[in-house]
Structures are given as structure tokens and as C-alpha cells.
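As a basis for the values below, the full set of heavy atoms in this structure was taken, side chains included, without hydrogen atoms, waters or symmetry mates. For clarity, every value in this text was computed on a predicted model and none was experimentally measured. One-based numbering, in listed order, for ligands and for the atoms of each. For this chain, numbers begin at 1 and follow the sequence in order.
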Amino acid sequence: MNFKWLKRYMPRSLYGRAALILILPIVVIQLVVSVVFIQRLYEDVTRQMSQNMVLELGYLLDQVNQAPDLATAMQVIEPLQASLALQIVLPAATKGVERRGFADLSGRVITQTLRAGLEGVQAVDLLSQRKKIHLWMTTRHGSMQVGFDRLRVSARNPHQLLVLMLVTGVLMTVIAIIFLRNQLRPIKRLASASEAFGKGHIAQYSPRGATEVRAAGAAFLSMRARIERQIEQRTMMLSGVSHDLRTPLTRLKLGLSLMEPCSEVDDLKQDVADMQGLLDGFLDFAQGDAGEQPQEIDPVDLLRHAVENACRAGKDVAVSQVKGAPVKMMLRPVAISRALDNLIGNAVRYGTQARVGVVFNDRNLVISVEDNGPGIAKADREKALQPFSRLVPARNQNKGSGVGLGLSIALDIARTHGGNLRLGESETMGGLKADLILTR
Ligand SMILES: Nc1ncnc2c1ncn2[C@@H]1O[C@H](COP(=O)(O)OP(=O)(O)OP(=O)(O)O)[C@@H](O)[C@H]1O
Ligand SMILES: [Mg+2]
């Protein structure tokens, strides 16, 4: 059987699902018990009690009908009134009216049983007097009215059971929800600690709750520690190497500047400049956005700033559109600027023009950088995002000294802001379209 359609109606949160698992059986059990059990039992008891009443009334009717005249009949009735606890009026003043409450389910059973067991029942009145039943029957001496307590034919207060069940049901549900909330809190804390770590924060977290949740929490902590250690090592190694190489490089530069200018020296100078560029790239990558605190800033300002910088450097870059209502967001400005510089830098390096657009959505902000270059084939996009990967070296010739870090730095920065970097094809310009997605 396919239960996929059911998924649409299921609550999405664990809390909702667990509550449903707890509450649904309680409600179903209560419904089944009240409808099947109570209804049947109550009807059966009422029927049996009414049948007993039929025997007594039948006896009374026989006695009255056997009396030769009204006076004897009244004499016969006299002792029976007391012994059978009946209020008898003979002859009755009226013929009586059949009356029953709309929701009086047991009343239906009483009327049915009395009519089936007794001859000459004219009317059964269950309504005009509370807790009393009046019955009119035909006798030899005219119509006879008999009154008796309703409790003699139906069970006392069946509603109490229903109310009790309902109250205990609600109480147990409330208790279950409170317990459930306590059980789910550690899972929520683990989820928010992992989410924070994904965005680059180290949130205070200690495993709590049920054994399984504790185990998951402990596993998360050791994983976080290992990742932190690795990031630290990577940063130290890259920055160490880059830093140490700077000194000999500066010496080389100095040495070259003191030499007689000739084409070979110029080539060497270019090589040294390229190496300097590579080292700057390494350092940027190694630094990441560590240490920078998020601030509330307008992303459009950052974007305009990055575009202006590129224009000042003589590049053809412009803001194409700002869609949606601009809002301030919690961002790390230096990191975001670096990501934008990398994307715009790529666009004008591999193409000649770059257009930057911003779209504010309900849940995120998308900054798109489009260019008119060759773009990146679908199959290569994932590879391009990896550190130190440069695609098709021939294509990149004479495009300056790329390290292959720009896109992976931008991706890292997007992730630490809870977002992503998506590569696609620009419809308007034909080149690459890089979407920097940042969650709000
Ligand atoms: N706008 C673009 N158009 C076409 N190809 C691109 C574009 N941007 C990046 N690429 C390809 O993706 C590869 C990786 O880009 P990335 O920015 O990571 O490195 P890079 O530009 O080579 O070096 P770096 O940015 O570190 O100086 C590039 O080598 C290039 O082949
Ligand atoms: Mg680049």
C-alpha cells in the first residue's frame, strides 16, 4: 500500500509527530470504548430492567382486568400501590401523550420494551416529570395511568463514566505533552548547536537527555573537536608556509629591482609578482572568516562598495537589479566583501563584463554575479568549487595567476552564513552565473 499521500497531512516537527502518536491511540480507545462498550452495555442493562418492570406491570394489569367492576379493581390496586411502589390512577383523567427527549437514547429502549411486553399500552411519557415515567394502558375499566421512578428502568448516571474518561484522557494527554517536551528539548539543543557550528560558531553545548540523545550529543562534540583541530592545523600550516615564504620573496624582489633592467629581469619580476599573488591567495584561504563577528549591515551597501572598487580598477562592472525590500542582515562584512571580490574578479577575468543583481526573498538573499565569459560546463561546476582546482589550464592562460581558491573561499563564506554558492549559466549574458545565497 502506498502511504505517500498521508505524509502531506502529517505534522512536520518531531514534537507534533510524537504528540500525534501519543494522542491518537488515547482518542481512538476512548471512542471505541464509549461507542461500542458503553452504548451496548447501557442499552442491555436498560432493556433488562425494563423487562422486570414489564413483569410487574403485567401482574398489575392482570389483577385489574380480573376484577369484575371498577370498585373491586380499585380495592385490588390499593395494596399494590405500596408494595410495587407505583402511583396508579384508575380511571385516568386523560389518555396521555407519548413524550421523549430528543437525545434520550435509553428512553427509546424503555418505550420499545414496554410496548413489546405489555398489551394495551396507549402512551409512555418520559419527559413531563424529571426522573419519573408515566404510562397509560387500556383496561376493562377504562384507561389506567401508572407512574414509577425512572431509576427502576435505567442505569444511574452513565454520563459519569464518559466525563471521567474524558477528564482522565485530557489530563493524561497534558502530562504526556509535558514529558514529551522535556524529552525533545535535548534534541533541539543538539540541532541548534550543530546548526551554529555549520555557520562557524562554537555554541555552548553539553549532552543531556535520554541515552540515545546523549550518545548523539557526545558524538557531535568529538566530531566538532576533530573538525576544529583540522581547521586549526590547516590554517597554521598554510599561514606558516605563506608567511615564511614572504621574506625570501621580498629579498628576491629587492635583488631584482637592483639589477640592470632587461627582458629577463622583467620576466623574473613578473614571476615574483605572481608568486606574491599566490601567497596572498593562500593567506586569504587560511584565514577564512575566523574571528570576524557578524554585524547588522545592509548587504546592498557591501555590494555597491565591491562594484565601485572593481569599476575604479577599470573593470566593466555594474549593479543590474535590486529586487525585493532591502533589509539589514547579520553578516561578516569583510568575509562577504571578499566573496564578492572573488566572484566579480572571476567574472571580469574570464569574461569582460560583469553584472551583479540582488534578490531579497522571504527566507534568503541571493546575490548573482553574471558575466559574458565562456561559463563553466555543468559537469565541471562541482570541481570548480573545490580548493586549488583550476579548470582547463589552456583556457586560463594569460588570465593572470589564479590559485584556484576564489570559488572555494566564496563557498566557505556562504556556508558560514548558513547559505550556499550555486553555479549556473547566465541567460542574459551567456557566461557564468554565480549565485551567492545567504540565509536571513
Ligand atoms: N566567471 C567564470 N567564467 C568561467 N570560468 C570560471 C569563472 N569563474 C571561475 N571559473 C573557472 O573555475 C576555476 C576556479 O575558480 P576560482 O575562482 O576558484 O580560481 P581561480 O580564479 O583560478 O583562482 P583565484 O580566484 O584563487 O585567483 C577557474 O580556474 C576557472 O577555470
Ligand atoms: Mg578566481
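Ligand-side atoms of ligand 1 in range of Leu432: 1 (N), 2 (C), 3 (N), 7 (C), 8 (N), range being under 4.0 angstrom from any heavy atom. Near Arg390, meaning under 4.0 Å from any of its heavy atoms, are these atoms of ligand 1: 22 (O), 29 (O). Interface of Gly375 with ligand 1, defined as ligand atoms under 4.0 Å from a residue heavy atom, comprises 4 (C), 5 (N). Per-residue contacts place Leu405 under 4.0 angstrom from the following atoms of ligand 1 (heavy atoms of the residue considered): 18 (O), 19 (O), 23 (O), 24 (P), 26 (O). Atoms of ligand 1 found under 4.0 Å from any heavy atom of Ser389 (numbered from 1 in listed order, with element): 13 (C), 14 (C). Short contacts between ligand 1 and Ala384, defined as distances under 4.0 Å to a heavy atom of the residue, involve ligand atoms 12 (O), 14 (C), 18 (O).
Inclusion of Asn342 in the first shell of the Mg ion (ligand 2) is not supported: no N, O or S atom falls under 2.8 Å.
Using 4.0 Å as the threshold, Gly373 has no heavy atom nearer than that to any atom of ligand 1. A heavy-atom separation below 4.0 Å is not found between Gly431 and ligand 1.
Here Asp104 pairs with Arg150 in a salt bridge; the nearest charged N to carboxylate O distance falls below 4.0 Å. Ion pairing of Arg304 with Asp298 is absent here, as no side-chain N (NZ or NE/NH1/NH2) approaches a carboxylate O to less than 4.0 Å. Using a cutoff of 4.0 Å between basic side-chain nitrogens and carboxylate oxygens, Glu264 and Lys269 are not scored as salt-bridged.
Heavy atoms of Asn346 found under 4.0 angstrom from ligand 1 belong to the backbone as well as the side chain.
Not one N or O of Pro374 is nearer than 3.5 Å to an N or O of ligand 1, by distance alone.
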